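First up is the structure itself, then whatever we jot down about it.
Atoms within each ligand, like the ligands themselves, are counted from 1 in listed order. In this text, all values refer to a predicted model and were calculated from it rather than measured experimentally. Just so you know, these numbers use all the heavy atoms, side chains as well, and skip hydrogens, waters and symmetry mates.
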Amino acid sequence: MPALRTTALIEAPARTVAGAWIELVSKRAHLVSVSAGKIAAVLPGRTFRAARLTGTCASTAAGTLLTCELSWLSPNAFVDGIAVRRPVLSLLGSVAEGTRARAVELADAPVIVGTAIVRDGRILAQQRAFPEEVAGMWELPGGRVEPGETDEEAVRRECQEELGIEVSPGAAIGPDVVLPGGKLLRIYQASTDSDPVAVEHEAVRWLSCDELDDVEWLPADRILLPVFRALVDG
Ligand SMILES: Nc1nc2c([nH]c(=O)n2[C@H]2C[C@H](O)[C@@H](COP(=O)(O)OP(=O)(O)OP(=O)(O)O)O2)c(=O)[nH]1
């Protein structure tokens, strides 16, 4: 399978670079796998045949090294490789540059934290009661990081307010997801010994891997389902 790649060094955290890549690429391609370090999408057939675009984000001392790679199916790799080299490199260059510009812009964006609490192979989700446009849809516990607060402090406060429980925040997982309006949804793992109750929400539910598709998630959480699935499976 022929493949070409390009790299860019970006002054933003890897999870934000991954989020900017997802925002840009998902307008034109179908995401097929999502993690903080690597994202892959399939391009529509009319552009290149069975083309797969991947973005790999590696943290370095100088910033995030983004590698964009396009691989495609070809009956004659040599000829096809020569014929499409220029448009492929142009596509990869525009993805890398578009991602760089957006990630730098987003590096200081306001953050909404989401909390991934997993217990006995199930992840805790909650059903929104308001506003009307999203009432009935499901999300992870969390909310806006207030000025002067760390992400972890926001995780603790939101879980206390929304679920009436004390949690211990762990690592950030998955890519940031860009929300409408340019805020970033960032997910943290957390653990608790207490039993959550729906204080502000319609309902809370522990979902197994098989049940993750049973509820209607907010669009940003839908992007993160592979990350939730890996967490529950692992
Ligand atoms: N908490 C949370 N919010 C999410 C998720 N996915 C997602 O798109 N969002 C969006 C929905 C809202 O537009 C925004 C968070 O709003 P919120 O109402 O929970 O925030 P908040 O507690 O700080 O409330 P407010 O002060 O802004 O009213 O983030 C998620 O998994 N968890």
Looking only at heavy atoms, the pair that brings L140 and Q126 closest together is O-NE2, 3.7 Å
Scan residues 208-234 for pairs that pass ring-ring contact (aromatic ring centres under 6.0 Å, His included), counting only residues two or more places apart or in two chains. W217-F228
Separation of I39 CD1 from L53 CG (nearest 0.5 Å): 9.0 Å
Below 4.5 Å, heavy atoms only, C-beta onward: do I10 and V104 meet side chain to side chain? yes
So which protein residues pack against ligand 1 under 4.0 Å, heavy atoms counted? I112, R128, E139, L140, G142, G143, R144, E158, L179, L185, L218, A220, D221
Any residue meeting side chain to side chain contact (heavy atoms under 4.5 Å, CB included) with E211, in chain and number order, not counting sequence neighbours: R122, R205, L207, S208, D214
Salt bridge (charged side-chain N to carboxylate O under 4.0 Å, His left out) filter on D195, not counting sequence neighbours, yields R119
